[in-house]
Number of protein chains: 2
Amino acid sequence: MLVPPKKNQYALRAIFELAKHMDQGPVKISEIAAAQSIPLRFLEVILNQLKASGIVDSKRGFYGGYFLVKPPGQVSVGDVLRFLNRELPVTDCIACVSKTSCPFDGRCAFSSMWIRVKQAAFNIYDETSFQDLIDREQDAGWPGEQ
Amino acid sequence: MLVPPKKNQYALRAIFELAKHMDQGPVKISEIAAAQSIPLRFLEVILNQLKASGIVDSKRGFYGGYFLVKPPGQVSVGDVLRFLNRELPVTDCIACVSKTSCPFDGRCAFSSMWIRVKQAAFNIYDETSFQDLIDREQDAGWPGEQ
DNA sequence: TTCTTTCCTGACTTTAATAGTCGGGAATAT
DNA sequence: ATATTCCCGACTATTAAAGTCAGGAAAGAA
């Protein structure tokens, strides 16, 4: 509970890695995987999906790899998480924040609380850009592996 | 993501039901299950576990059932969620909020963000008592099924 | 052209967590 | 006694997450 799925964490770390190499040409999946300890084949799938978000793009071939479309300051953690967790089916019960229909027809006592929690989380996600994360890592004062 | 597990929701709804019947004697599992649309045998397991938290207690036999130990105003959603999701193993990586050890030795750029989100969520959970939930249901102005 | 390198694609397998069930035993009151 | 209820441990089922794989397509280098 409240533990972001690995896939989400991998996606964020991959983009973080791209952000650190902004304007240095495409970064290979294999490099990202190595730098961030992410299973290679899994990362292939994840990055490929992320292209649809418009956050990253890729180039094939010898000098190929992935790269950020916008500068790190203009991409937030919220953008990524929202894209990865966008709910495709409209059949979800918003009130219960559950995946099946709500037995209380959307009038359960808990709904407003779940919604507030979700909003509180995304407030933080939205105000955290990848540039912030880079800065934060610097401030922590430990030798980046770059 | 950010969707509380069914077990958590069932636990909260069960306690909510107990709160509504405070000082009316024990409430049978079967009654709670019916009122809150929770699978009976599953609810047995959940309520039995919750006894260890000190939030609820039970009585067996003909007039048996479950009941709240403290008044609804003194029990928060946070109390319940914290108990159900207390992490038993100490081997968790706090920085990454993941269940396996952190590949960055606790110095990853995301850790402070995950922690802030968790705190924001529990701030809301902690300040929501079951009395609040009852009041909230009244305010919404729909006929309670009681 | 051909070769190498890289991303691309869809289907597949594995793993782990959640969700839910079951049979019988132990209190408690009538 | 006996009906009713919670209790307990083990069990199964379902689902989502995590990860893998084989081969194909683009891009550039030789």
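Numbered from 1 within each chain, the chains take letters A, B, ... in sequence-line order.
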Donor-acceptor contact present, side-chain A/Asp79 to main-chain A/Ser76, <3.5 Å: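 Checking the backbone N and O of A/Ser76 against the side chain of A/Asp79, a donor-acceptor pair under 3.5 Å is found.
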
Taking only the side-chain nitrogens and oxygens of [X], find out if one of them lies under 4.0 Å from OP1 or OP2 of [N].
X       : N      : answer
B/Asn48 : D/dC8  : yes
A/Ser58 : C/dC8  : yes
A/Lys7  : D/dA16 : no
A/Lys6  : D/dA17 : no
B/Tyr10 : C/dA19 : no

Within 45 degrees of the ring normal and closer than 6.0 Å to the centroid, is that where the cationic atom of A/Arg13 sits relative to A/Phe16?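 No, A/Arg13 and A/Phe16 do not form such a contact.
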
Starting from the C-alpha separation in whole Å, work towards a yes-or-no answer on side-chain contact (heavy atoms from CB on, under 4.5 Å) for B/Val77 and B/Leu133. CA-CA 9 Å; B/Val77 171; B/Leu133 291 168; 3.9 Å; yes

Looking at every strand, decide which applies to A/Tyr63 at a 4.0 Å heavy-atom threshold: base, sugar-phosphate, or nothing.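 The answer is sugar-phosphate, as A/Tyr63 gets under 4.0 Å only of primed atoms, P, OP1 or OP2.
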
Indicate, with a heavy-atom threshold strictly under 4.0 Å, whether A/Leu47 touches base, sugar-phosphate, or nothing.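 Result for A/Leu47 = nothing.
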
base_contact_polar (D/dA18 base, A/Arg41 side chain, donor-acceptor, <3.5 Å):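 When only heavy-atom distances are counted, A/Arg41 does not reach the base of D/dA18 through any donor-acceptor pair under 3.5 Å.
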
So which residues get pulled into B/Phe62's cluster when ILVMFWY side chains under 4.5 Å apart are joined, directly or through others?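 Traced through the cluster, B/Phe62 reaches B/Tyr63.
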
Spacing between [X] atom [atom1] and [N] atom [atom2], to the nearest angstrom:
X       : N      : atom1 : atom2 : answer
B/Asn8  : C/dA19 : CG    : C1'   : 12 Å
B/Glu31 : D/dT4  : CD    : C1'   : 13 Å
B/Glu44 : D/dG9  : CD    : P     : 14 Å
B/Lys59 : D/dT5  : NZ    : C1'   : 11 Å
A/Ile38 : D/dT20 : CD1   : C1'   : 16 Å
B/Tyr66 : C/dT28 : OH    : P     : 13 Å
B/Ile46 : C/dA19 : CD1   : P     : 9 Å
A/Phe62 : D/dA27 : CZ    : C1'   : 11 Å

Under 3.5 Å, is there a donor-acceptor pair linking the side chains of B/Glu127 and B/Asn123?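 B/Glu127 vs B/Asn123: no donor-acceptor pair found between side chains.
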
Given that B/Val45 and B/Ser30 both sit by DNA chain D, which one's nearest nucleotide is further toward the 5' end?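 Residue closer to the 5' terminus by nearest nucleotide: B/Ser30.
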
Selected nucleotide, minimal atom distance to A/Arg60 side chain, candidates D/dC6, D/dA25, C/dT21: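 Taking heavy atoms from C-beta onward, the closest nucleotide is D/dA25.
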
Considering only D/dG19, C/dT21, D/dA27, which nucleotide approaches the side chain of A/Phe42 most closely?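 From the listed options, D/dG19 comes nearest.
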
